[in-house]
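Every chain is numbered from 1 and lettered A, B, ... according to where its sequence line falls, protein lines coming before strand lines.
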Amino acid sequence: GAVVSQHPSWVICKSGTSVKIECRSLDFQATTMFWYRQFPKQSLMLMATSNEGSKATYEQGVEKDKFLINHASLTLSTLTVTSAHPEDSSFYICSARVQGGNTIYFGEGSWLTVV
Amino acid sequence: GQNIDQPTEMTATEGAIVQINCTYQTSGFNGLFWYQQHAGEAPTFLSYNVLDGLEEKGRFSSFLSRSKGYSYLLLKELQMKDSASYLCAVRERDYKLSFGAGTTVTVRA
């Protein structure tokens, strides 16, 4: 079964609204989680690195005020897409690094459609 | 940053062998991953190489040459279910993964 759970799997929201995606590590603690975005037929693009108890580190070109990341516990990180627009429609995937180890697990992904 | 190159598409017949090459140019290197991704799903882990050489795991093998900035994923005894995108990813020193664009493998009967 999945060791990293993402919720929701699918979400449709109206343009201008905000939507929150959760990423939970199951059965392990993750001090570091990563958020990726993937457009159709393209590869995964890293958006930000989420560290428990501290501010996320965003990749160049990613608006931190638009994509709010919170990593409040060792098992949960959230990504909030604020004021969503149709161009934000994408597949968002998180991954989590096992605390103290090298293994990285991916979540199942979340499809966001902004209408 | 990372520059990771892999072929866009490959086609092979059921039962055959396919080799997917990946070359990379990086400022830092802490291992190379291969992932399989079916359309609309998240990537699943296939292999991880940090030292030079060949890692074999069932029908899948992965090779790494750090001096050449080169890796390949070898898929043997291809099955229809192996039709998917295969992603090469380089891990930087802070555990961030940089992905190649992916290679779409189509297995034909």
inquiry  = When you compare the side chain of A:Leu46 with that of B:Leu97, does any pair of heavy atoms fall below 4.5 Å?
reply    = no
When the 4.5 angstrom heavy-atom criterion is applied to A:Thr49 and chain B, the contacting part is side chain
Review point. According to a 4.5 Å side-chain heavy-atom criterion applied to Ile, Leu, Val, Met, Phe, Trp and Tyr, with indirect links allowed, do A:Val11 and A:Met47 form part of one hydrophobic cluster?
Key: yes
Here the gap from B:Gln37 atom CD to A:Ser43 atom OG, rounded to the nearest 0.5 Å, amounts to 7.5 Å
Smallest heavy-atom separation, B:Ala42 atom then A:Gly107 atom, equals CB-O, 2.7 Å
Applying a strict 4.5 Å limit to non-hydrogen atoms, the region of A:Gln60 in contact with chain B is neither
If one checks every heavy atom of A:Tyr105 against chain B at 4.5 Å, the contacting part turns out to be neither
*Give a yes or no on this: more than 12 heavy atoms of other residues, nucleotides or ligands lie within 6.0 Å of atom CE of B:Met10.*
yes
Mind checking whether B:Trp34 and B:Phe60 sit in one hydrophobic cluster, side chains of I, L, V, M, F, W, Y counted as touching below 4.5 Å? yes
*When you look at NZ of A:Lys55, are more than 12 heavy atoms from neighbouring residues, nucleotides or ligands closer to it than 6.0 Å?*
no
Okay, A:Gln38 and chain B: the region with an atom under 4.5 Å from a heavy atom over there is side chain
Note: vs chain A, highest number of non-hydrogen pairs under 4.5 angstrom among B:Tyr48, B:Phe33, B:Phe45, B:Tyr35 is B:Tyr35
Exercise. Answer whether the closest heavy-atom distance between the side chains of A:Ile104 and B:Lys96 falls below 4.5 Å.
Key: no
B:Glu77 CD: over 12 foreign heavy atoms closer than 6.0 Å: no
Q) Can you tell me if CZ on B:Arg108 sees more than 12 non-hydrogen neighbours from other groups inside 6.0 Å? A) no
*More than 12 heavy atoms of other groups within 6.0 Å of A:His7 NE2*: no
